Amino acid sequence: MSILHDLFATIEARKAGGDPKSWTAKLLAKGPEKCAEKFGEEAIEAIIEAVKGDKAALTSEAADVLYHLLVMLAARDVSLADVEAELGRRTGTSGIAEKAARAES
């Protein structure tokens, strides 16, 4: 199992447990909108570090983005397997063709 699978399993456990000492449980208790807001904040921080060119800071912010993405998915009951299945569906398809197909839908 990958670290992302392990992390997602931990997030799901925190979601179910509601431990008041858990940052994840507290964030999830605030609802999907707050989880999405926090994901957006972290994404902006990662963008800033990418522009600045600080590899260590970007690495740290990227980890924050991935964590908060998984929390946001859990808040809306979207599993990591759902996302992997979508990526699998897109495998072998040109990004341009895939985007065009979405625009037609």
Side-chain angles (χ1 to χ4, degrees):
M1 205 178 237
S2 77
I3 190 69
L4 290 178
H5 286 97
D6 293 345
L7 179 56
F8 195 74
T10 299
I11 290 166
E12 288 289 344
R14 298 289 193 275
K15 179 180 175 182
D19 181 355
K21 295 179 184 173
S22 164
W23 163 250
T24 302
K26 286 180 183 180
L27 184 56
L28 286 164
K30 292 179 181 180
E33 295 81 6
K34 184 63 177 178
C35 295
E37 178 186 325
K38 189 63 181 164
F39 169 73
E41 290 171 9
E42 296 299 338
I44 290 167
E45 290 173 11
I47 291 165
I48 291 167
E49 296 306 335
V51 170
K52 288 170 41 178
D54 183 334
K55 185 175 179 178
L58 176 55
T59 300
S60 178
E61 292 301 337
D64 290 346
V65 167
L66 289 172
Y67 163 76
H68 284 91
L69 173 60
L70 295 177
V71 171
M72 183 176 65
L73 292 173
R76 286 294 186 196
D77 298 320
V78 175
S79 72
L80 187 53
D82 293 335
V83 176
E84 289 174 324
E86 178 60 17
L87 288 170
R89 186 190 67 75
R90 295 179 186 187
T91 298
T93 302
S94 154
I96 294 169
E98 194 280 327
K99 188 170 182 171
R102 281 190 283 149
E104 294 172 4
S105 299

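These values consider heavy atoms only, across backbone and side chains, with no hydrogens, waters or symmetry-generated copies. This structure is a prediction, so every number in the text was calculated from the model and none was measured.
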Q. Is the closest side-chain heavy-atom distance between Val71 and Lys38 below 4.5 Å?
A. no

Q. If every non-hydrogen atom of Leu73 is compared with every non-hydrogen atom of Phe8, which pair is closest and at what distance?
A. CB-CE1, 4.3 Å

Q | Test item: Thr10 side-chain N/O and Asp6 main-chain N/O as donor-acceptor pair under 3.5 Å | A | yes

Q. For the hydrophobic clusters of this structure (ILVMFWY residues joined by side-chain heavy atoms under 4.5 Å, transitively), does one cluster hold both Ile44 and Leu69?
A. no

Q | Close side-chain approach of Glu37 and Met72, heavy atoms under 4.5 Å | A | no

Q. Taking the side chain from Asp82 and the backbone from Ser79, do they hold a donor-acceptor pair closer than 3.5 Å?
A. yes

(Q) Is it the case that the side chain of Lys15 and the backbone of Ala74 share a donor-acceptor pair, with hydrogens and angles ignored and the cut-off at 3.5 Å? (A) yes

Q: First locate atom CG of Leu28, then atom OG of Ser22, and finally report the distance between them rounded to the nearest 0.5 Å.
A: 8.0 Å

(Q) Is there a continuous path of hydrophobic side-chain contacts, each under 4.5 Å between heavy atoms, that joins Leu70 to Trp23? (A) yes

Q) Less than 4.0 Å between a side-chain N and a carboxylate O, is that true for Glu33 and Arg76? A) yes

Show me the donor-acceptor pairs within less than 3.5 Å that the side chains of residues 56-68 make with the rest of the protein, sequence neighbours left out.
unit_1	atom_1	unit_2	atom_2	d
Thr59	OG1	Lys55	O	2.8
Tyr67	OH	Thr24	OG1	2.5
His68	ND1	Asp64	O	2.9

(Q) Could you measure the distance from the CG atom of Leu4 to the CD atom of Glu84? Nearest 0.5 Å is fine. (A) 8.5 Å

Q: Quick one: list whatever passes side chain to side chain contact (heavy atoms under 4.5 Å, CB included) with Lys21, sequence neighbours left out.
A: Asp19

